[in-house]
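Below: the structure, in structure tokens.
Quick caveat: nothing in here was measured; it's all calculated off a predicted structure.
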Amino acid sequence: MNSQKDDLRVIVLAPTGRDGSLICHLLSSKNISCVHAVSAAAAALEVNTGAGALILAEEALTSQGIELLARQIAIQPSWSDFPIIVLTMAGEVDAESQRRALLRQPLGNMILVERPARPETLVSTVLAALRSRRRQYQVRDYLAERLLVEAALRQSEKLAVVGRLSASIAHEINNPLASVTNLLYLMGRSSSLDETQAYTLAASNELARVSEIVTQTLSIYRQNSKPSLVQIPEIVNSALALYKARLSSAKIVIERDFRECPPVLALAGELRQLILNLVGNAFDAMWNGGTLKIRVAPSRERSNGSRPGIRLTIADTGVGIQPEIKEHLFEPFVSTKGNTGTGLGLWVSSGIVQKHSGKIQVRSNSSILAAGTVFSVFLPEQPHFAHIQRAIASAG
């Protein structure tokens, strides 16, 4: 069903007598745009092109006509509830009228007008249906605008992640480059071929390390639209590589517990951003040193059909999260860092987990004796990405 414009014209399907032409003449006299469809197939085509409402004479509701229109109604986007005005036959409720009512149920949002209807009644009903349709278009536009705003916020948070990592990356790159400079100096002064070859190999290894750091940094920007099979421990290690210097200088000990796990279907770039957000939060919470424990293990989500998947646990011995903040932790612009945080990191992280059909949970204690925070992320082996595409299409 075409939803790219605010099309408020009325489709009229009244195949017998002069009803169709008379209704169109009446609506046109009230400055209501309308189209006279000669068959259910033609009406379905017009509805697909775009319309505000459909006026349907009950005698047009053959089983084939209902099937054609119902198929068109079934594919409408989530914001849409296309109004259909059915001109019913006069008479008391009997077995035949109940049968006809049952047959037209697949048509969804129906307004019944019994014939013969006064012109004022029909026009008033049409105007009410068009007001409803106009509100639906407003909801469509709101959803589309919200998606654009959320996309901009997520991009903003991605840039903020890169900004927070810039000092660490500069330090990580500076060390191997300094080593390469020293090795080149030693190569120039060496008179031994074996020594020169050893220096060359060491310099090559240091440059490979620089290349790896740059690659991991650029991967944050990449948006691979097609999911692929990824190993979660590999993504965790690549994210930790970007924090290595800062964690070491802050006297934070990393404890890895990577169990044997199958690969999961995922968007690797987004999972890396998720892990960077969680590790970054843990780092900020342990300003006076501590332990960062990361576990990757096979798991099942027993609350949702016992789906097989991977559970990623990131635990820190930091200051913890206050209860009043924890309650709203995954909402936008909620931060535990005051003016130093954007308040978008965990909101974006939650969205990434939802996109992967997973679940994210948090436990935290802010008491002095047992402070710390644990984030638990469950990722199914086979997430359902199709619903994201449908949501985007519905708002389009």
- Message: Do L143 and R146 make a side-chain contact, defined as non-hydrogen atoms from C-beta onward lying under 4.5 Å apart?
- Response: yes

- Query: According to a 4.5 Å side-chain heavy-atom criterion applied to Ile, Leu, Val, Met, Phe, Trp and Tyr, with indirect links allowed, do V374 and V296 form part of one hydrophobic cluster?
  - Reply: no

- Query: Can you find a pair of side-chain heavy atoms, one from I55 and one from L27, that are under 4.5 Å apart?
  - Reply: yes

- What are the two closest heavy atoms between C24 and H36, and how far apart are they? SG-CB, 3.7 Å

- Would you tell me whether R311 and S376 have side-chain atoms, one donor and one acceptor, within less than 3.5 Å of each other? yes

- Heavy atoms of G65 and A40 approach each other most closely as CA-CB, 3.5 Å

- Message: Suppose the criterion is salt bridge (charged side-chain N to carboxylate O under 4.0 Å, His left out): which pairs have a residue in residues 360-371, not counting sequence neighbours?
- Response: none

- Item | Same apolar cluster (I L V M F W Y, side chains within < 4.5 Å links), V253/I275 | no

- CG of L265 to OG of S228: how many Å apart, nearest 0.5 Å? 7.0 Å

- Message: Checking the side chain of T88 only, and the main-chain atoms of L112 only, is there a donor and an acceptor separated by less than 3.5 Å?
- Response: no

- Does S80 use its side chain to pair, donor to acceptor, with the backbone of P77 at less than 3.5 Å? no

- Of all the heavy-atom pairs spanning A203 and L183, show the shortest one and how long it is. N-CD1, 3.4 Å

- Message: For L312 and I294: C-alpha separation, side-chain torsions, deciding distance, then whether side-chain contact (heavy atoms from CB on, under 4.5 Å) applies.
- Response: CA-CA 7 Å; L312 167 67; I294 302 179; 3.9 Å; yes

- Message: Donor-acceptor pair, distance only, cut-off 3.5 Å: does the side chain of T49 make one with the backbone of L45?
- Response: yes

- Query: Would you say the side-chain atoms of S364 pair up with the backbone N or O of G372, donor to acceptor, closer than 3.5 Å?
  - Reply: yes

- Message: Restricting to non-hydrogen atoms, name the atom on V113 and the atom on A117 that form the minimum distance, rounded to 0.1 Å.
- Response: CG1-CB, 3.6 Å

- Message: Determine whether D257 and K293 satisfy the following criterion, side-chain contact (heavy atoms from CB on, under 4.5 Å), listing intermediate values before the conclusion.
- Response: CA-CA 8 Å; D257 181 7; K293 298 181 179 180; over 6 Å; no

- Query: Are there more than 12 heavy atoms of other residues, nucleotides or ligands under 6.0 Å from atom CD of E120?
  - Reply: yes

- Message: Can you confirm whether N237 sits close enough to R256 that some side-chain heavy atom of one is under 4.5 Å from a side-chain heavy atom of the other?
- Response: yes

- Item | Distance in Å, F378 CZ paired with I310 CD1, rounded so as to fall on 0.5 Å steps | 8.0 Å

- Query: Which atom pair, heavy atoms only, marks the closest approach of P298 to R259?
  - Reply: CD-CB, 3.9 Å

- Query: For T200, does its backbone N or O pair with a side-chain atom of S204 as donor and acceptor, under 3.5 Å?
  - Reply: no

- Item | Flag, side chain of S29 to backbone of L26, donor-acceptor distance under 3.5 Å | yes

- Query: With no hydrogens and no angle check, do the side chains of S367 and N365 hold a donor and an acceptor under 3.5 Å apart?
  - Reply: yes

- Query: Would you find a donor on one side and an acceptor on the other, under 3.5 Å apart, between the side chain of Q76 and the backbone of F82?
  - Reply: yes

- Within the distance-only criterion (no hydrogens, no angle test), does the side chain of R133 pair as donor or acceptor with the backbone N or O of A51 below 3.5 angstrom? yes

- Just wondering, more than 12 heavy atoms not from K326 lying within 6.0 Å of its NZ? yes

- Does the side chain of L271 come within less than 4.5 Å of L379's, by heavy atoms? yes

- Take atom CD in E145; do more than 12 heavy atoms of anything else shown fall under 6.0 Å from it? no

- Task: For Y185 and R189, run side-chain contact (heavy atoms from CB on, under 4.5 Å): C-alpha distance rounded to whole Å, both residues' side-chain angles, the deciding distance at 0.1 Å, then the answer.
- Result: CA-CA 7 Å; Y185 172 78; R189 295 182 61 85; 3.1 Å; yes

- Quick one: do Q197 and D194 satisfy side-chain contact (heavy atoms from CB on, under 4.5 Å)? Show the steps, please. CA-CA 5 Å; Q197 289 178 337; D194 290 340; 4.0 Å; yes

- Heavy atoms of other groups near E327 CD, more than 12 under 6.0 Å: no

- Salt-bridge criterion met for E58 and R115 (N-O under 4.0 Å): no

- V35 with I73, same ILVMFWY side-chain cluster at under 4.5 Å: yes

- Note on the structure: Between the CG atom in N48 and the CG atom in L68, the distance rounded to the nearest 0.5 Å is 12.0 Å

- Approximate separation, where rounding is to 0.5 Å, of N281 CG and M286 CE: 10.5 Å

- Task: State, with a plain yes or no, whether a side-chain heavy atom of C261 is found less than 4.5 Å away from one of S299.
- Result: no

- Message: Test your reading of the model: is there a side-chain donor-acceptor pair from E301 to the backbone of G309, 3.5 Å cut-off?
- Response: no

- H356 (side chain) donor-acceptor with L267 (main chain) under 3.5 angstrom: yes

- Parallel, tilted or perpendicular for Y137 and W79, by the 30°/60° rule? tilted

- Message: Just so I know, are the side chains of L56 and I11 near enough to count as touching, which here means a heavy-atom distance under 4.5 Å?
- Response: no

- Message: Contact between N109 and I84 at the side-chain level, heavy atoms closer than 4.5 Å - yes or no?
- Response: no

- Query: Side chains of L87 and L122: closer than 4.5 Å at any heavy-atom pair?
  - Reply: yes

- Rounding to 0.5 Å, atoms CD1 (I360) and CD1 (I352) come to a distance of 9.5 Å

- Message: Testing the basics here: between S349 and N277, what is the closest heavy-atom pair and its distance to 0.1 Å?
- Response: OG-ND2, 3.1 Å

- Item | D316 side, atom CG; T373 side, atom OG1 - distance, nearest 0.5 Å | 5.0 Å

- Message: Membership question, hydrophobic clusters at under 4.5 Å side-chain separation (ILVMFWY): are V47 and V38 in the same one?
- Response: no

- Item | Joint hydrophobic cluster, M187 plus L201, side-chain heavy atoms closer than 4.5 Å | no

